[in-house]
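Inspection log for the structure reproduced underneath, given as structure tokens.
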Amino acid sequence: MTENTQPPANGPHSAPADLPTQYTPADVEGKLYERWVERGYFEADEKSEKDPYAIVIPPPNVTGSLHLGHAFEHTLIDALTRRKRMQGYETLWQPGMDHAGIATQNRVERELAKEGTSRHDLGREAFVERVWRWKAESGGTISGQMRRLGDGVAWSRERFTMDEGLSRAVNTIFKRLHDDGLIYRAERIINWCPRCLTAISDIEVEYQDDDGELVSIRYGDGEDSLVVATTRAETMLGDTAVAVHPDDERYRHLVGRRIDLPLTDRSIPVVADAHVDPEFGTGAVKVTPAHDPNDFEIGRRHGLPQLTVMDEHAVITAPGPFQGLDRLEARSAVVGALREEGRIVAEKRPYQHSVGHCSRCHTTVEPRLSMQWWVRVAPLAKAAGDAVRDGRVAIHPKEMSSRYFEWVDNLHDWCISRQLWWGHRIPVWYGPDGEVRCVGPDEEPPTGPGWTQDTDVLDTWFSSALWPFSTLGWPERTDSVAKFYPNSVLVTGYDILFFWVARMMMFGLYAMDGVPPFHTIALHGMVRDQFGKKMSKSFGNAVDPLDWMDAYGSDAVRFTLARGANPGVDVPIGEDWVQASRNFANKIWNATRFALLNGATVEGPLPAAEEMSATDRWVLSRLNSVVAEADAYYDDYQFAKLSDALFHFAWDEVFDWYVELSKTTFAAGGRPAEVSRRVLGEVLDVTLRLLHPLIPFVTEELWTTLTGGDSVVVADWPKDSGFRDAAAERELDAVRQLVTEVRRFRADQGLQPGQRVPATLDLGETGLAAHEPAMRALLRLEPAGEAFSATATLPVAGAVVALDLSGAIDFAAERKRLTKDLAAAEKELAQTTAKLGNEAFLAKAPDHVVAKIRTRREAAEADIARITEQLAKLPA
RNA sequence: GGGUACAUAGCUCAGUGGUAGAGCGCCGCCCUUACAAGGCGGAUGUCGGCGGUUCGAACCCGUCUGUACCCACCA
């Protein structure tokens, strides 16, 4: 369809026939988004009187592009903020991006490599300039994708972690932490990536089980010898001791003595240390303080020298035959040399053990002794834990809190310095006489000969930790900070609970005088494929959300994601499901089209209940229940249940029943038709508004056409009017059951759906007389005389449908069906009778349960009577 | 080694004590004048195994098996 994409209607039910019979997302999505932005709907006013509702975007890496995980997260955030906006809050969805230190630097370095140059050739300043240029050129990818998705973010407030203001925030907090003694410099064993050439923090290390080889090596000679085992043989060059457990009888005689270290001319002491597990291996451990975190600690306890034998590239520096070899080459060379000396006591054997890899490039991490900057996290983490413990911050779903506590309660100090060029440079200067000066944002750095600035930059997460307030202008005391801090909710994946969430908590509480950065943390899961498998490029199941948005529309992608979003649980998504969501959008489209063709309207007040048919009252009663239900689900971040409830209400109840039943009313005309037109308008109006946060585009297009309103984006959020009509609901339940039963009967008899059948419809004492015309229409029943062939199974007491099947009835099939029904009813009767004969049950079960069982028994009895009668009437 | 989840229809998942549900898929009949991206009807499960508590268990308790993820300085 290419026609009919003109601007939205300028009045209620204008030109309904203009709507094409199929919804084409591409025709409306782009233009609607641009209109929303032009009209400033997404902008936030910090001076507004309205209550604030603020959510920050988890800033995507500038290097990145939108993947389904983003699409998912954005759908949830967008839905939350759109609803709050409709509810009359001053909403801020804060957009922005993260400079992603290592990732971005790696990316640009790869480009340079292709050009045959390197960052070292360029020099620091030129390189950083180059990264900025790269950011300017390709950093906008995500913004474009966010527009496609419909993200209602405040574009004028877009921020970047390296912006001047945010850098000032970083500097401010660094200075403050430093002066408070919470940032310090120390030489320790850190995780070193020999490819990225930088330190990385503990949580940037990904452990996986790798196949290694455990070799056993004899140290020393004769009685003065023992055997140690290792998977990193090359580190023996840096051994400065062997450790055994203090209580280990086997080695007691050796403690305090020195033994010869093979391949070297050194001898090393045997020390006793409780860290050694005497049960493991030989019970003797080689100690390499400069290349292993445990050994570092042992070395500290025993005053051992720290002998560095590898450089930053993990190349051996120890003088001798191994010098210049890479760690892996050195490993086999060392083992070979040891074997020649007869030092290998057990052949090397395969050994699976946990090995750390750089989370950015997957290179095996090398523990390395070096001087770095650290954050003393204990006091900060304590506060972060307490804020959740005492309920000031709620984690949703609450099962996730245990993970959070596990981390904040057992935290090691955080290594924040990175040996990179792209990032916030550490604001510390070193003087000629060993002075160290931390320079705050309003201070001049020291000048003069010999003063140099620290060459390292800060961990990316240092600046992300300030995101909830740095984006609002902090450290200035801006109105935005006052209005939107703390944020209302943080919506993010459980996978960055530690990387990001916990650190925002620590820094937020610290910087903002103990006020945590948000009231609620709503954690979602990871997007997976339709079989629940992790999406990854290497596995070949990764999907570009743009492909699906192109094919099925953004609404379809959003709705599918929302529909799978159970709190904290991973979300599978498959193309078939997106297609189904597209079908839903199309269904809404066509239902609205039908409504417009039939004169549905939102003008004027709703007619009085007395004027309405039971069908009208039923649908309005259900509508209001659904409004209440939707509110409860939104408030509880239950997107899957929310989507499901709206889907089924709209499709099953409104489209399949109310719309179908109303056809008869419309055809008859008169006042009842007028009333139904207004009711149908109301139902669609409210339903579209309820759905808008999830599927903004199609609802906007339809709602503006239906109501003539400016935009559903700024329409009022529906309120439960309190209208309920239990009697009408029961009545329509009966109608629906009855119609379904007759349809089943017809299908069983092989009647074609469209085939008209002479029939009498005797609704007896059911009180459903008013529905007879509609039911006859739905069932394709023609008026009939005396003819009688069979009766349908009737779930509503007192109703009889006599269908004249003109001799075409299949008596055998009917007998079979009735017999089956009879058996089921008899089983039901037996079950309920047994239950009601159970004294213990009657004594202990609540009244409503007992009553329910009674009703079931009565129904079973009635069924048996009726079916028996019908069976008797069937010709043999 | 510690921790947290999870095992329900072919697939992906809801369902926290009272007759087993949804979407997709599947079978059958229909282009019934909003929609075939649709309509109507239908089939499909000893709710992982074994015990226990209870009048009653998918649900609570114990245990076993299997899976996923997180944390941890196991040479």
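Convention: sequence-line order gives letters A, B, ...; per-chain numbering from 1.
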How far, in whole Å, is B/G15 from B/C29 if one measures between their C1' atoms? 33 Å
For the C1' atoms, the ones on B/G1 and on B/A58, what distance do you get once it is rounded to whole angstrom? 33 Å
So, A/Arg232 and A/Glu366, do they make that salt bridge, N to O below 4.0 Å? yes
A/Leu523 CG to B/A5 P: how many Å, rounded? 14 Å
Show the nearest heavy-atom pair for residues A/Leu842 and A/Leu836, with the distance to one decimal. CD1-O, 3.2 Å
Base, sugar-phosphate, or nothing: which does A/Pro293 touch, judged by heavy atoms less than 4.0 Å apart? nothing
Can you tell me whether the side chain of A/Gln22 and the base of B/A37 have a donor-acceptor pair closer than 3.5 Å? yes
So A/Lys827, base contact, sugar-phosphate only, or nothing? Heavy-atom distance under 4.0 Å. nothing
Need one value for A/Ala591: base, sugar-phosphate or nothing, where a base atom within 4.0 Å counts as base even if backbone is also close, heavy atoms only. base
Categorize A/Pro367 for me: base, sugar-phosphate, or nothing, with a 4.0 angstrom heavy-atom threshold over every strand shown. nothing
With a distance cut-off below 6.0 Å to the six-membered ring centre and an angular limit of 45° from the axis, does A/Arg503 pair with A/Trp414 as a cation-pi contact? yes
Side chain of A/His648 only, heavy atoms from C-beta on: which candidate in B/A22, B/C71, B/A34 is closest? B/A22
What's the closest nucleotide to the side chain of A/Pro572 if the choices are B/U12, B/C24, B/A34? B/U12
Paired with A/Asp570, the salt bridge (charged side-chain N to carboxylate O under 4.0 Å, His left out) test is passed by just one of A/Lys534, A/Arg528, A/Lys533, namely A/Arg528
Distance check: side-chain N/O of A/Lys641 vs OP1/OP2 of B/G15, anything under 4.0 Å? yes
Aromatic rings A/Phe584 and A/Trp651: how do their planes relate, parallel, tilted or perpendicular, breaks at 30° and 60°? parallel
Does A/Val569 reach a base, just sugar-phosphate, or nothing at all? Heavy atoms under 4.0 Å. sugar-phosphate
Among A/Arg331, A/Lys286, A/Arg327, exactly one meets salt bridge (charged side-chain N to carboxylate O under 4.0 Å, His left out) together with A/Glu234. Which residue is that? A/Arg331
Is A/Trp651 close enough to B/A22 that one of its side-chain N or O atoms is under 4.0 Å from OP1 or OP2 there? no
A/Asp576 side chain, from C-beta outward: closest of B/C35, B/A37, B/C24: B/C24
Here the distance between atom P of B/G23 and atom CG of A/Asn566, to the nearest Å, is 15 Å
How many whole angstroms separate atom CD of A/Gln638 from atom P of B/A14? 10 Å
Cationic tip of A/Lys663 within the cone over A/Phe594's six-membered ring, i.e. under 6.0 Å and within 45° of the normal? yes
B/U44 and B/C11: how far apart are their C1' atoms, nearest whole angstrom? 13 Å
Using nucleotides 42-45 of chain B, report all nitrogen or oxygen pairs with the protein that are shorter than 3.5 Å.
none

Which nucleotide sits closest to the side chain of A/Asn838: B/A22, B/C55, B/C35? B/C55
Identify whether NZ of Lys or CZ of Arg in A/Arg563 sits under 6.0 Å from the centre of the six-membered ring of A/Phe647 and within 45° of that ring's axis. yes
Which nucleotide in the set B/C24, B/C35, B/A72 lies at the smallest distance from any side-chain heavy atom of A/Asn590? B/C35
May I ask you to say what A/Phe498 touches in the nucleic acid, namely base, sugar-phosphate or nothing, with a heavy-atom cut-off under 4.0 Å? sugar-phosphate
Tell which nucleotide pairs with B/A9, taking only Watson-Crick or G-U wobble pairs whose two distances are both under 3.5 angstrom. none
Have a look at A/Asp644 and say if it touches a base, only the backbone sugar-phosphate, or nothing, with a 4.0 Å heavy-atom cut-off. sugar-phosphate
Mind checking if A/Arg856 touches a base, just sugar-phosphate, or nothing, with heavy atoms under 4.0 Å? base
Give A/Glu828 one of three labels, base, sugar-phosphate or nothing, depending on what nucleic acid heavy atoms sit under 4.0 Å from its own. base
Under a 3.5 Å limit for both distances, which nucleotide forms a Watson-Crick or G-U wobble pair with B/C26, could you say? B/G42
Taking the side chain of A/Glu406 as heavy atoms from C-beta outward, which of B/U32, B/C69, B/C71 is closest to it? B/C71
Looking at A/Lys835, does any N or O in its side chain come under 4.0 Å of the phosphate oxygens OP1/OP2 on B/U19? no
Starting from P on B/U4, measure out to CE on A/Met400 and report it in whole angstrom. 13 Å
Would you indicate what A/Asp277 reaches in the nucleic acid, counting non-hydrogen atoms under 4.0 angstrom: base, sugar-phosphate, or nothing? base
On a whole-Å scale, what distance lies between the C1' atoms belonging to B/U67 and B/C55? 36 Å
Rounded to the Å, how far apart are A/Leu596 CG and B/U33 P? 20 Å
Rounded to the nearest angstrom, tell me the gap between atom CG in A/Leu751 and atom C1' in B/C29. 11 Å
Of the options B/A75, B/U12, B/C69, whose atoms approach the side-chain atoms of A/Thr231 most closely? B/A75
Relative to A/Tyr494, does A/Arg403 satisfy both conditions: NZ or CZ under 6.0 angstrom from the six-membered ring centre, and within 45 degrees of the ring's axis? yes
Closest heavy-atom pair and its distance - A/Phe72, A/Ala565: CE1-CB, 3.5 Å
Taking any strand in view, what nucleotide pairs with B/A20 in a Watson-Crick or G-U wobble way, both distances under 3.5 Å? none
Residues forming a ring-ring contact (aromatic ring centres under 6.0 Å, His included) with A/Tyr637, sequence neighbours excluded: A/His396
By nearest atom, which of the nucleotides B/U19, B/C71, B/A34 is closest to the A/Arg593 side chain? B/A34
Pick base, sugar-phosphate or nothing for A/Arg563, based on heavy-atom distances below 4.0 Å to the nucleic acid. sugar-phosphate
How close or far is atom C1' of B/A75 from atom NE2 of A/His245, stated in whole angstroms? 15 Å
What is the separation between atom CD on A/Glu399 and atom P on B/C70, rounded to the nearest whole Å? 18 Å
Between A/Asp273 and A/His302, do the side chains contain an N or O donor and an N or O acceptor separated by less than 3.5 Å? yes
Out of B/A37, B/C40, B/C24, whichever nucleotide has its closest atom nearest the side chain of A/Asp656: B/C40
Between A/Pro25 and A/Thr592, which is nearer to the 5' end of RNA chain B once each is assigned its nearest nucleotide? A/Thr592
Measuring only the P atom in each nucleotide, how far is B/U65 from B/G49? A whole number of Å is fine. 15 Å
Counting side-chain heavy atoms from CB outward, which of B/G56, B/C30, B/G23 is closest to A/Trp577? B/G23
Does any nucleotide pair with B/C47 by Watson-Crick or G-U wobble geometry, both distances under 3.5 Å, and what is it? none
Integer angstrom distance from the P of B/A22 to that of B/G45: 14 Å
Rounded to whole angstrom, note down the C1' distance from B/G38 over to B/C31. 9 Å
B/C30 OP1/OP2 closer than 4.0 Å to side-chain N/O of A/Gln752: yes
